[in-house]
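Convention: sequence-line order gives letters A, B, ...; per-chain numbering from 1. Predicted model, so just to flag it, every value in this text is computed and none were measured.
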2 protein chains.
Amino acid sequence: MLELRLVQGSLLKKVLEAIKELVTDANFDCSATGFSLQAMDSSHVALVALLLRSEGFEHYRCDRNLSMGMNLNNVSKMLKCAGNDDIITLKADDGSDTITFMFESPNQDKIADFEMKLMDIDSEHLGIPEAEYHAIVKMPSTEFARICKDLSSIGDTVVISVTKEGVKFSTRGDIGTANIVCRQNTTVDKPEEATIIEMQEPVSLTFALRYMNSFTKATPLSSTVTISLSSELPVVVEYKIADMGYIRYYLAPKIEDDEDMKPE
Amino acid sequence: MLELRLVQGSLLKKVLEAIKELVTDANFDCSATGFSLQAMDSSHVALVALLLRSEGFEHYRCDRNLSMGMNLNNVSKMLKCAGNDDIITLKADDGSDTITFMFESPNQDKIADFEMKLMDIDSEHLGIPEAEYHAIVKMPSTEFARICKDLSSIGDTVVISVTKEGVKFSTRGDIGTANIVCRQNTTVDKPEEATIIEMQEPVSLTFALRYMNSFTKATPLSSTVTISLSSELPVVVEYKIADMGYIRYYLAPKIEDDEDMKPE
DNA sequence: CCGGATCTGA
DNA sequence: TCAGATCCGG
(Lines give C-alpha, C1' and ligand atoms only; values in the text may rest on other atoms or scores of the structure.)
Protein backbone atom coordinates (compact mmCIF):
# COMPACT_ATOMS: atom_id res chain seq x y z
CA MET A 1 0.00 0.00 0.00
CA LEU A 2 1.31 3.37 -1.10
CA GLU A 3 -0.18 6.70 -0.24
CA LEU A 4 1.66 9.97 -0.66
CA ARG A 5 -0.09 13.24 0.02
CA LEU A 6 1.52 16.40 -1.24
CA VAL A 7 -0.17 19.64 -0.28
CA GLN A 8 1.84 21.70 -2.71
CA GLY A 9 0.74 19.80 -5.77
CA SER A 10 2.16 22.36 -8.20
CA LEU A 11 5.56 21.10 -7.20
CA LEU A 12 4.88 17.71 -8.73
CA LYS A 13 3.59 19.37 -11.87
CA LYS A 14 6.81 21.34 -12.19
CA VAL A 15 8.89 18.23 -11.57
CA LEU A 16 7.29 16.53 -14.50
CA GLU A 17 7.80 19.52 -16.76
CA ALA A 18 11.44 19.40 -15.73
CA ILE A 19 11.91 15.77 -16.69
CA LYS A 20 9.61 14.86 -19.51
CA GLU A 21 11.50 16.60 -22.26
CA LEU A 22 14.54 14.49 -21.45
CA VAL A 23 13.03 11.16 -20.46
CA THR A 24 10.03 9.41 -21.97
CA ASP A 25 9.65 6.35 -19.73
CA ALA A 26 11.05 5.82 -16.25
CA ASN A 27 10.59 4.00 -12.98
CA PHE A 28 9.56 6.00 -9.96
CA ASP A 29 10.99 4.35 -6.90
CA CYS A 30 9.24 4.58 -3.63
CA SER A 31 10.75 3.62 -0.30
CA ALA A 32 10.56 4.72 3.32
CA THR A 33 13.17 7.33 2.45
CA GLY A 34 11.20 9.02 -0.23
CA PHE A 35 10.01 9.18 -3.78
CA SER A 36 12.75 9.13 -6.35
CA LEU A 37 13.61 8.61 -9.98
CA GLN A 38 16.78 8.01 -11.88
CA ALA A 39 16.83 7.78 -15.63
CA MET A 40 18.96 8.31 -18.67
CA ASP A 41 17.67 10.51 -21.42
CA SER A 42 16.47 8.76 -24.53
CA SER A 43 19.83 9.07 -26.29
CA HIS A 44 21.67 7.81 -23.20
CA VAL A 45 23.78 10.89 -22.85
CA ALA A 46 22.35 12.72 -19.88
CA LEU A 47 21.11 11.40 -16.57
CA VAL A 48 18.44 12.89 -14.38
CA ALA A 49 18.01 12.08 -10.70
CA LEU A 50 15.05 13.22 -8.64
CA LEU A 51 14.54 12.91 -4.92
CA LEU A 52 11.50 13.96 -2.94
CA ARG A 53 12.10 13.00 0.68
CA SER A 54 9.28 11.45 2.65
CA GLU A 55 9.44 14.24 5.24
CA GLY A 56 8.34 16.71 2.60
CA PHE A 57 4.97 15.05 2.18
CA GLU A 58 2.06 15.84 4.42
CA HIS A 59 1.34 12.14 4.59
CA TYR A 60 3.72 9.44 3.48
CA ARG A 61 2.97 5.75 3.62
CA CYS A 62 5.01 3.20 1.74
CA ASP A 63 4.71 -0.30 3.18
CA ARG A 64 7.32 -1.83 0.94
CA ASN A 65 9.66 -0.65 -1.76
CA LEU A 66 7.95 -0.16 -5.06
CA SER A 67 9.30 0.57 -8.50
CA MET A 68 6.60 1.95 -10.75
CA GLY A 69 7.25 2.29 -14.45
CA MET A 70 5.46 5.18 -16.12
CA ASN A 71 5.33 7.00 -19.36
CA LEU A 72 6.20 10.52 -18.32
CA ASN A 73 4.16 12.14 -21.01
CA ASN A 74 1.11 10.36 -19.70
CA VAL A 75 1.92 11.33 -16.13
CA SER A 76 2.30 14.89 -17.30
CA LYS A 77 -1.06 14.76 -19.02
CA MET A 78 -2.69 13.61 -15.80
CA LEU A 79 -0.98 16.23 -13.70
CA LYS A 80 -2.09 18.95 -16.08
CA CYS A 81 -5.57 18.12 -14.87
CA ALA A 82 -4.61 19.23 -11.37
CA GLY A 83 -4.99 22.85 -10.41
CA ASN A 84 -1.88 24.64 -9.32
CA ASP A 85 -3.08 24.82 -5.75
CA ASP A 86 -4.61 21.37 -5.65
CA ILE A 87 -3.50 18.81 -3.11
CA ILE A 88 -2.17 15.77 -4.92
CA THR A 89 -2.25 12.25 -3.49
CA LEU A 90 -0.60 9.27 -5.16
CA LYS A 91 -2.05 5.85 -4.35
CA ALA A 92 -1.10 2.33 -5.35
CA ASP A 93 -2.12 -0.99 -3.90
CA ASP A 94 0.52 -3.64 -3.40
CA GLY A 95 0.78 -5.77 -6.45
CA SER A 96 -1.44 -3.47 -8.43
CA ASP A 97 -0.40 -2.56 -11.95
CA THR A 98 -1.95 0.87 -11.73
CA ILE A 99 -1.35 4.10 -9.88
CA THR A 100 -4.00 6.61 -8.90
CA PHE A 101 -3.53 10.36 -8.87
CA MET A 102 -6.03 12.16 -6.66
CA PHE A 103 -6.50 15.91 -6.92
CA GLU A 104 -8.35 17.89 -4.27
CA SER A 105 -9.17 21.48 -4.89
CA PRO A 106 -8.20 23.73 -1.94
CA ASN A 107 -11.81 24.21 -0.84
CA GLN A 108 -12.50 20.49 -1.24
CA ASP A 109 -15.28 21.23 -3.71
CA LYS A 110 -13.68 19.22 -6.43
CA ILE A 111 -12.09 15.85 -6.00
CA ALA A 112 -10.69 14.06 -9.01
CA ASP A 113 -8.96 10.75 -9.32
CA PHE A 114 -7.05 9.55 -12.35
CA GLU A 115 -5.90 5.98 -12.64
CA MET A 116 -3.00 5.13 -14.89
CA LYS A 117 -1.56 1.80 -15.97
CA LEU A 118 1.98 1.11 -14.91
CA MET A 119 4.50 -0.35 -17.30
CA ASP A 120 7.50 -2.63 -16.98
CA ILE A 121 10.71 -0.76 -17.62
CA ASP A 122 14.20 -2.19 -17.47
CA SER A 123 15.72 -0.13 -14.78
CA GLU A 124 19.38 0.59 -15.00
CA HIS A 125 19.87 2.13 -11.60
CA LEU A 126 23.38 3.43 -11.57
CA GLY A 127 25.12 4.17 -8.35
CA ILE A 128 26.27 7.74 -8.64
CA PRO A 129 29.45 8.16 -6.66
CA GLU A 130 29.77 11.25 -4.54
CA ALA A 131 32.63 13.19 -6.02
CA GLU A 132 34.81 16.10 -5.13
CA TYR A 133 34.38 18.92 -7.58
CA HIS A 134 37.00 21.36 -8.69
CA ALA A 135 34.50 24.15 -8.86
CA ILE A 136 30.96 24.72 -7.70
CA VAL A 137 29.02 27.67 -9.04
CA LYS A 138 25.78 28.79 -7.50
CA MET A 139 23.80 31.37 -9.40
CA PRO A 140 20.25 32.52 -10.08
CA SER A 141 18.50 29.82 -12.05
CA THR A 142 16.84 32.33 -14.38
CA GLU A 143 20.19 33.82 -15.27
CA PHE A 144 21.64 30.42 -16.09
CA ALA A 145 18.60 29.65 -18.24
CA ARG A 146 18.92 32.93 -20.07
CA ILE A 147 22.60 32.33 -20.77
CA CYS A 148 22.00 28.83 -22.14
CA LYS A 149 19.20 30.10 -24.33
CA ASP A 150 21.21 33.05 -25.63
CA LEU A 151 24.30 31.01 -26.39
CA SER A 152 22.32 28.39 -28.25
CA SER A 153 21.34 30.99 -30.81
CA ILE A 154 25.03 31.30 -31.65
CA GLY A 155 26.48 27.81 -31.22
CA ASP A 156 25.78 24.21 -30.25
CA THR A 157 28.18 23.78 -27.37
CA VAL A 158 29.14 25.83 -24.35
CA VAL A 159 32.53 26.00 -22.71
CA ILE A 160 32.13 26.65 -19.00
CA SER A 161 35.29 28.04 -17.46
CA VAL A 162 35.61 28.84 -13.80
CA THR A 163 38.22 31.01 -12.22
CA LYS A 164 38.22 32.70 -8.85
CA GLU A 165 36.87 35.86 -10.42
CA GLY A 166 33.89 34.36 -12.08
CA VAL A 167 32.41 31.87 -14.43
CA LYS A 168 32.60 32.26 -18.18
CA PHE A 169 30.20 30.71 -20.68
CA SER A 170 31.53 30.68 -24.23
CA THR A 171 30.35 29.43 -27.56
CA ARG A 172 31.30 29.64 -31.18
CA GLY A 173 29.23 29.24 -34.27
CA ASP A 174 28.97 30.14 -37.90
CA ILE A 175 27.98 33.72 -37.26
CA GLY A 176 30.57 34.48 -34.58
CA THR A 177 31.59 33.87 -31.01
CA ALA A 178 30.17 34.75 -27.63
CA ASN A 179 31.51 35.01 -24.11
CA ILE A 180 29.39 35.74 -21.08
CA VAL A 181 31.17 36.34 -17.81
CA CYS A 182 29.35 36.32 -14.50
CA ARG A 183 31.37 37.73 -11.68
CA GLN A 184 31.24 36.36 -8.20
CA ASN A 185 28.85 38.60 -6.34
CA THR A 186 27.54 38.11 -2.86
CA THR A 187 26.56 41.69 -2.11
CA VAL A 188 23.03 41.50 -3.35
CA ASP A 189 19.69 42.39 -1.87
CA LYS A 190 18.42 38.83 -1.78
CA PRO A 191 20.57 35.75 -1.28
CA GLU A 192 19.00 34.03 -4.28
CA GLU A 193 20.42 36.72 -6.52
CA ALA A 194 23.99 35.96 -5.52
CA THR A 195 26.57 34.30 -7.72
CA ILE A 196 28.90 32.28 -5.55
CA ILE A 197 31.96 30.39 -6.71
CA GLU A 198 33.70 27.76 -4.65
CA MET A 199 36.82 26.77 -6.51
CA GLN A 200 39.62 24.35 -5.70
CA GLU A 201 41.25 24.73 -9.07
CA PRO A 202 40.32 26.33 -12.38
CA VAL A 203 38.31 24.18 -14.71
CA SER A 204 37.11 24.50 -18.28
CA LEU A 205 34.71 22.01 -19.82
CA THR A 206 32.57 21.78 -22.93
CA PHE A 207 28.94 20.66 -23.03
CA ALA A 208 26.16 20.33 -25.55
CA LEU A 209 23.79 23.28 -25.19
CA ARG A 210 20.87 21.17 -26.28
CA TYR A 211 21.01 19.27 -23.00
CA MET A 212 21.73 22.33 -20.92
CA ASN A 213 18.58 23.91 -22.29
CA SER A 214 16.61 20.82 -21.34
CA PHE A 215 17.98 21.04 -17.83
CA THR A 216 16.79 24.60 -17.48
CA LYS A 217 13.20 23.36 -17.69
CA ALA A 218 13.65 22.87 -13.95
CA THR A 219 14.06 26.62 -13.43
CA PRO A 220 10.56 27.03 -11.92
CA LEU A 221 11.53 24.62 -9.13
CA SER A 222 14.21 26.78 -7.62
CA SER A 223 15.46 30.33 -7.75
CA THR A 224 19.05 29.13 -7.75
CA VAL A 225 21.00 26.47 -9.57
CA THR A 226 24.25 24.81 -8.60
CA ILE A 227 26.73 23.73 -11.24
CA SER A 228 29.45 21.35 -10.09
CA LEU A 229 32.42 20.82 -12.35
CA SER A 230 35.49 18.61 -12.42
CA SER A 231 37.71 17.66 -15.30
CA GLU A 232 36.75 14.30 -16.70
CA LEU A 233 33.60 14.11 -14.60
CA PRO A 234 30.06 14.75 -15.70
CA VAL A 235 28.82 18.17 -14.71
CA VAL A 236 26.05 18.18 -12.14
CA VAL A 237 23.34 20.79 -12.58
CA GLU A 238 21.25 20.78 -9.44
CA TYR A 239 17.99 22.47 -8.58
CA LYS A 240 17.05 22.15 -4.94
CA ILE A 241 13.41 21.50 -4.21
CA ALA A 242 12.52 23.37 -1.05
CA ASP A 243 12.11 21.15 2.00
CA MET A 244 11.98 18.03 -0.10
CA GLY A 245 15.05 17.21 -2.11
CA TYR A 246 16.42 17.99 -5.50
CA ILE A 247 16.52 17.34 -9.17
CA ARG A 248 20.00 16.77 -10.55
CA TYR A 249 21.13 16.50 -14.12
CA TYR A 250 24.40 14.85 -15.11
CA LEU A 251 26.09 15.40 -18.43
CA ALA A 252 29.48 14.21 -19.60
CA PRO A 253 31.75 16.87 -21.05
CA LYS A 254 32.66 16.77 -24.71
CA ILE A 255 36.10 15.41 -25.32
CA GLU A 256 37.14 18.11 -27.76
CA ASP A 257 37.57 20.65 -25.02
CA ASP A 258 39.77 22.74 -27.20
CA GLU A 259 37.82 25.22 -29.25
CA ASP A 260 40.35 25.06 -32.04
CA MET A 261 39.76 21.37 -32.51
CA LYS A 262 36.23 21.91 -33.65
CA PRO A 263 35.60 20.35 -37.06
CA GLU A 264 33.91 22.04 -40.03
CA MET B 1 39.55 52.18 -33.64
CA LEU B 2 35.83 52.32 -33.10
CA GLU B 3 34.09 52.38 -29.77
CA LEU B 4 30.47 53.38 -29.33
CA ARG B 5 28.80 53.11 -25.96
CA LEU B 6 25.04 53.28 -25.79
CA VAL B 7 23.52 53.27 -22.33
CA GLN B 8 20.03 52.66 -23.59
CA GLY B 9 20.87 49.43 -25.34
CA SER B 10 17.25 48.52 -25.95
CA LEU B 11 17.24 51.25 -28.55
CA LEU B 12 19.69 49.38 -30.73
CA LYS B 13 17.67 46.21 -30.32
CA LYS B 14 14.60 48.04 -31.55
CA VAL B 15 16.49 49.55 -34.47
CA LEU B 16 17.41 46.12 -35.70
CA GLU B 17 13.88 44.83 -35.35
CA ALA B 18 12.84 47.82 -37.43
CA ILE B 19 15.23 47.07 -40.29
CA LYS B 20 15.84 43.38 -40.52
CA GLU B 21 12.53 42.45 -42.07
CA LEU B 22 13.29 44.75 -44.98
CA VAL B 23 17.02 44.41 -45.42
CA THR B 24 19.11 41.27 -45.06
CA ASP B 25 22.64 42.63 -45.51
CA ALA B 26 23.83 46.19 -45.19
CA ASN B 27 26.75 48.42 -44.44
CA PHE B 28 26.75 50.35 -41.21
CA ASP B 29 28.70 53.54 -41.75
CA CYS B 30 30.53 55.14 -38.93
CA SER B 31 31.97 58.64 -38.99
CA ALA B 32 32.53 61.49 -36.60
CA THR B 33 28.96 62.55 -37.26
CA GLY B 34 27.36 59.35 -36.17
CA PHE B 35 26.39 55.81 -36.88
CA SER B 36 24.27 55.39 -39.98
CA LEU B 37 22.92 52.96 -42.49
CA GLN B 38 21.34 53.29 -45.87
CA ALA B 39 20.04 50.30 -47.75
CA MET B 40 17.52 49.17 -50.29
CA ASP B 41 15.22 46.34 -49.38
CA SER B 42 15.95 43.00 -50.97
CA SER B 43 13.59 43.61 -53.90
CA HIS B 44 15.03 47.09 -54.48
CA VAL B 45 11.76 48.86 -54.00
CA ALA B 46 12.03 50.52 -50.64
CA LEU B 47 14.92 52.35 -49.04
CA VAL B 48 15.69 52.63 -45.36
CA ALA B 49 17.96 55.27 -43.84
CA LEU B 50 19.08 55.22 -40.25
CA LEU B 51 20.99 57.88 -38.37
CA LEU B 52 22.19 57.72 -34.78
CA ARG B 53 24.12 60.92 -34.10
CA SER B 54 27.33 60.69 -32.15
CA GLU B 55 26.00 63.05 -29.48
CA GLY B 56 23.42 60.46 -28.49
CA PHE B 57 26.05 57.99 -27.37
CA GLU B 58 27.52 58.08 -23.90
CA HIS B 59 30.91 57.52 -25.46
CA TYR B 60 31.66 57.87 -29.15
CA ARG B 61 35.03 57.24 -30.67
CA CYS B 62 35.50 56.81 -34.38
CA ASP B 63 39.05 57.51 -35.52
CA ARG B 64 38.32 57.17 -39.19
CA ASN B 65 35.32 56.49 -41.33
CA LEU B 66 34.35 52.87 -41.40
CA SER B 67 31.83 50.97 -43.46
CA MET B 68 30.99 47.67 -41.86
CA GLY B 69 28.99 45.10 -43.79
CA MET B 70 26.76 42.91 -41.66
CA ASN B 71 24.06 40.35 -42.03
CA LEU B 72 21.23 41.96 -40.13
CA ASN B 73 19.71 38.69 -39.04
CA ASN B 74 22.96 37.78 -37.36
CA VAL B 75 23.23 41.18 -35.74
CA SER B 76 19.70 40.74 -34.50
CA LYS B 77 20.52 37.34 -33.04
CA MET B 78 23.40 38.83 -31.12
CA LEU B 79 21.37 41.76 -29.84
CA LYS B 80 18.67 39.42 -28.62
CA CYS B 81 21.29 38.22 -26.15
CA ALA B 82 21.39 41.66 -24.57
CA GLY B 83 19.03 42.46 -21.75
CA ASN B 84 16.64 45.33 -22.26
CA ASP B 85 18.45 47.51 -19.77
CA ASP B 86 21.94 46.45 -20.72
CA ILE B 87 24.53 48.96 -21.82
CA ILE B 88 25.73 48.10 -25.31
CA THR B 89 29.16 48.94 -26.65
CA LEU B 90 30.24 48.37 -30.24
CA LYS B 91 33.93 47.90 -30.85
CA ALA B 92 36.01 47.42 -33.95
CA ASP B 93 39.71 47.73 -34.50
CA ASP B 94 40.93 49.52 -37.61
CA GLY B 95 41.39 47.07 -40.38
CA SER B 96 39.70 44.32 -38.44
CA ASP B 97 37.15 42.18 -40.23
CA THR B 98 35.10 41.67 -37.10
CA ILE B 99 32.93 43.75 -34.83
CA THR B 100 32.39 43.12 -31.15
CA PHE B 101 29.15 43.75 -29.31
CA MET B 102 29.62 44.15 -25.59
CA PHE B 103 26.69 43.92 -23.21
CA GLU B 104 26.95 45.05 -19.61
CA SER B 105 24.16 44.31 -17.20
CA PRO B 106 23.11 47.36 -15.15
CA ASN B 107 24.80 46.08 -12.00
CA GLN B 108 27.93 45.05 -13.94
CA ASP B 109 27.68 41.47 -12.71
CA LYS B 110 27.34 40.08 -16.17
CA ILE B 111 29.53 41.15 -19.05
CA ALA B 112 29.10 39.55 -22.42
CA ASP B 113 30.98 40.05 -25.61
CA PHE B 114 29.89 38.79 -28.98
CA GLU B 115 32.20 38.90 -31.94
CA MET B 116 30.85 38.80 -35.46
CA LYS B 117 32.53 38.59 -38.81
CA LEU B 118 32.02 41.52 -41.11
CA MET B 119 31.20 41.01 -44.76
CA ASP B 120 31.90 42.88 -47.94
CA ILE B 121 28.78 44.44 -49.34
CA ASP B 122 28.51 46.54 -52.46
CA SER B 123 27.21 49.76 -51.09
CA GLU B 124 25.02 51.82 -53.28
CA HIS B 125 24.89 54.93 -51.21
CA LEU B 126 22.36 57.17 -52.85
CA GLY B 127 22.26 60.82 -52.16
CA ILE B 128 18.76 61.53 -51.05
CA PRO B 129 17.80 65.04 -52.06
CA GLU B 130 15.95 67.15 -49.59
CA ALA B 131 12.59 67.80 -51.12
CA GLU B 132 9.58 69.98 -50.57
CA TYR B 133 6.52 67.94 -49.78
CA HIS B 134 2.95 68.75 -50.68
CA ALA B 135 1.71 67.33 -47.44
CA ILE B 136 3.21 66.22 -44.16
CA VAL B 137 1.14 64.17 -41.76
CA LYS B 138 2.21 63.60 -38.20
CA MET B 139 0.24 61.06 -36.21
CA PRO B 140 0.58 58.52 -33.42
CA SER B 141 2.78 55.70 -34.66
CA THR B 142 0.58 53.02 -33.14
CA GLU B 143 -2.43 54.39 -34.96
CA PHE B 144 -0.61 54.34 -38.27
CA ALA B 145 0.53 50.78 -37.63
CA ARG B 146 -2.98 49.69 -36.79
CA ILE B 147 -4.35 51.25 -39.96
CA CYS B 148 -1.79 49.56 -42.19
CA LYS B 149 -2.41 46.22 -40.53
CA ASP B 150 -6.16 46.54 -40.77
CA LEU B 151 -6.15 47.62 -44.39
CA SER B 152 -3.84 44.82 -45.43
CA SER B 153 -6.45 42.29 -44.43
CA ILE B 154 -8.69 43.80 -47.12
CA GLY B 155 -6.36 44.82 -49.92
CA ASP B 156 -2.76 44.95 -51.10
CA THR B 157 -2.37 48.68 -51.65
CA VAL B 158 -3.30 51.78 -49.75
CA VAL B 159 -4.30 55.10 -51.23
CA ILE B 160 -3.23 57.90 -48.93
CA SER B 161 -5.14 61.10 -49.63
CA VAL B 162 -4.52 64.29 -47.76
CA THR B 163 -6.82 67.25 -47.63
CA LYS B 164 -6.93 70.10 -45.17
CA GLU B 165 -9.49 68.24 -43.11
CA GLY B 166 -7.60 65.05 -42.68
CA VAL B 167 -5.82 62.10 -44.12
CA LYS B 168 -7.67 59.19 -45.69
CA PHE B 169 -6.31 55.68 -46.03
CA SER B 170 -8.23 53.58 -48.54
CA THR B 171 -7.98 50.11 -49.91
CA ARG B 172 -9.97 47.77 -52.10
CA GLY B 173 -9.88 44.03 -52.36
CA ASP B 174 -11.88 40.99 -53.34
CA ILE B 175 -14.04 41.10 -50.26
CA GLY B 176 -14.77 44.82 -50.34
CA THR B 177 -13.37 48.27 -49.75
CA ALA B 178 -12.20 50.24 -46.75
CA ASN B 179 -11.64 53.89 -45.98
CA ILE B 180 -10.14 55.19 -42.77
CA VAL B 181 -10.14 58.93 -42.24
CA CYS B 182 -8.07 60.57 -39.55
CA ARG B 183 -9.03 64.16 -38.90
CA GLN B 184 -6.55 66.78 -37.96
CA ASN B 185 -6.65 66.93 -34.19
CA THR B 186 -4.37 68.99 -32.00
CA THR B 187 -6.58 69.24 -28.94
CA VAL B 188 -5.34 66.19 -27.16
CA ASP B 189 -4.00 65.52 -23.68
CA LYS B 190 -0.55 64.60 -24.85
CA PRO B 191 1.24 66.03 -27.89
CA GLU B 192 2.14 62.54 -29.12
CA GLU B 193 -1.53 61.76 -29.53
CA ALA B 194 -2.08 64.61 -31.98
CA THR B 195 -2.71 64.25 -35.68
CA ILE B 196 -1.24 67.23 -37.46
CA ILE B 197 -1.45 67.98 -41.16
CA GLU B 198 0.74 70.49 -42.93
CA MET B 199 -0.53 70.78 -46.48
CA GLN B 200 0.53 72.90 -49.43
CA GLU B 201 -1.80 71.16 -51.84
CA PRO B 202 -3.98 68.06 -51.76
CA VAL B 203 -2.24 64.85 -52.69
CA SER B 204 -3.36 61.29 -53.27
CA LEU B 205 -0.88 58.47 -53.74
CA THR B 206 -0.96 54.69 -53.81
CA PHE B 207 1.49 52.40 -52.03
CA ALA B 208 2.00 48.71 -51.47
CA LEU B 209 0.78 47.80 -47.99
CA ARG B 210 3.35 45.07 -47.71
CA TYR B 211 6.09 47.66 -47.41
CA MET B 212 4.09 49.98 -45.20
CA ASN B 213 3.64 47.12 -42.77
CA SER B 214 7.37 46.51 -42.75
CA PHE B 215 7.95 50.17 -41.98
CA THR B 216 5.70 49.98 -38.94
CA LYS B 217 8.16 47.59 -37.30
CA ALA B 218 9.80 50.83 -36.17
CA THR B 219 6.77 51.74 -34.07
CA PRO B 220 8.49 50.90 -30.76
CA LEU B 221 11.12 53.54 -31.53
CA SER B 222 8.80 56.51 -31.46
CA SER B 223 5.34 57.40 -30.34
CA THR B 224 4.77 59.43 -33.48
CA VAL B 225 5.37 58.95 -37.16
CA THR B 226 5.70 61.53 -39.90
CA ILE B 227 4.50 60.79 -43.41
CA SER B 228 5.72 63.17 -46.13
CA LEU B 229 3.98 63.08 -49.48
CA SER B 230 4.44 64.67 -52.89
CA SER B 231 3.15 63.60 -56.27
CA GLU B 232 5.79 61.71 -58.20
CA LEU B 233 8.10 61.52 -55.17
CA PRO B 234 8.68 58.58 -52.86
CA VAL B 235 6.81 58.85 -49.60
CA VAL B 236 8.98 59.31 -46.54
CA VAL B 237 7.85 57.53 -43.39
CA GLU B 238 9.96 58.81 -40.53
CA TYR B 239 10.31 57.69 -36.93
CA LYS B 240 12.39 60.03 -34.82
CA ILE B 241 14.73 58.39 -32.35
CA ALA B 242 14.81 60.51 -29.23
CA ASP B 243 17.99 62.56 -28.83
CA MET B 244 19.77 60.57 -31.49
CA GLY B 245 18.36 60.73 -34.96
CA TYR B 246 15.82 58.89 -37.02
CA ILE B 247 14.89 55.96 -39.13
CA ARG B 248 13.34 56.88 -42.48
CA TYR B 249 11.69 54.68 -45.03
CA TYR B 250 11.25 55.72 -48.66
CA LEU B 251 8.79 54.07 -51.00
CA ALA B 252 7.85 55.06 -54.54
CA PRO B 253 4.13 55.41 -55.23
CA LYS B 254 2.40 53.00 -57.55
CA ILE B 255 1.76 54.49 -60.98
CA GLU B 256 -1.84 53.39 -61.20
CA ASP B 257 -3.00 55.97 -58.76
CA ASP B 258 -6.54 55.54 -59.87
CA GLU B 259 -8.34 52.87 -57.89
CA ASP B 260 -10.46 51.91 -60.88
CA MET B 261 -7.41 51.09 -62.92
CA LYS B 262 -6.46 48.25 -60.63
CA PRO B 263 -5.90 45.03 -62.60
CA GLU B 264 -7.14 41.54 -61.63
C1' DC C 1 11.44 45.88 -15.94
C1' DC C 2 10.41 41.18 -15.30
C1' DG C 3 7.53 36.99 -15.05
C1' DG C 4 3.36 34.64 -16.22
C1' DA C 5 -0.26 33.64 -19.20
C1' DT C 6 -2.31 33.54 -23.22
C1' DC C 7 -2.69 33.29 -28.16
C1' DT C 8 -1.02 32.26 -32.61
C1' DG C 9 1.97 30.50 -36.29
C1' DA C 10 5.02 26.69 -37.81
C1' DT D 1 1.49 19.73 -30.77
C1' DC D 2 5.10 22.76 -29.53
C1' DA D 3 7.70 26.96 -29.44
C1' DG D 4 7.57 31.91 -30.19
C1' DA D 5 5.61 36.40 -29.67
C1' DT D 6 2.76 39.39 -27.56
C1' DC D 7 -0.12 41.26 -23.82
C1' DC D 8 -1.08 42.03 -19.10
C1' DG D 9 -0.17 42.13 -14.25
C1' DG D 10 3.11 42.58 -10.18
> Roughly, in whole Å, what's the span from CG in Asp85(A) to P in dG4(C)?
Replying inline: 16 Å

> For Asn84(A) and dA5(C), what is the distance between atoms CG and C1' respectively, to the nearest whole Å?
Replying inline: 11 Å

> CD of Glu143(A) versus C1' of dG3(C): gap in Å, rounded?
Replying inline: 16 Å

>> Test side-chain contact (heavy atoms from CB on, under 4.5 Å) on Arg5(B) and Ile87(B); report intermediate values, then the result.
In response: CA-CA 7 Å; Arg5(B) 182 178 168 91; Ile87(B) 297 166; 3.6 Å; yes

> Crowded around Asp109(A) CG? As in, over 12 foreign heavy atoms under 6.0 Å?
Replying inline: yes

>> Aromatic contact between Phe114(B) and Phe103(B), with the criterion being ring centroids under 6.0 Å apart: yes or no?
In response: yes

Please list, for nucleotides 4-10 of chain D, all pairs of protein and nucleotide N/O atoms separated by less than 3.5 Å.
none

> Can the ring centres of Tyr249(A) and Tyr211(A) be said to be less than 6.0 Å apart?
Replying inline: no

>> Output the rounded distance in Å from NZ (Lys14(A)) to P (dA5(C)).
In response: 9 Å

> Can you name the one residue among Ile227(B), Val237(B), Val48(B) that meets side chain to side chain contact (heavy atoms under 4.5 Å, CB included) with Phe215(B)?
Replying inline: Val237(B)

>> What is the distance, to the nearest angstrom, from the CG atom on Leu221(A) to the C1' atom on dG3(C)?
In response: 16 Å

> Does some side-chain heavy atom of Lys138(B) sit less than 4.5 Å from a side-chain heavy atom of Thr195(B)?
Replying inline: no

>> Measure NZ/Lys77(A) against P/dC2(D) and give the value in whole Å, please.
In response: 9 Å

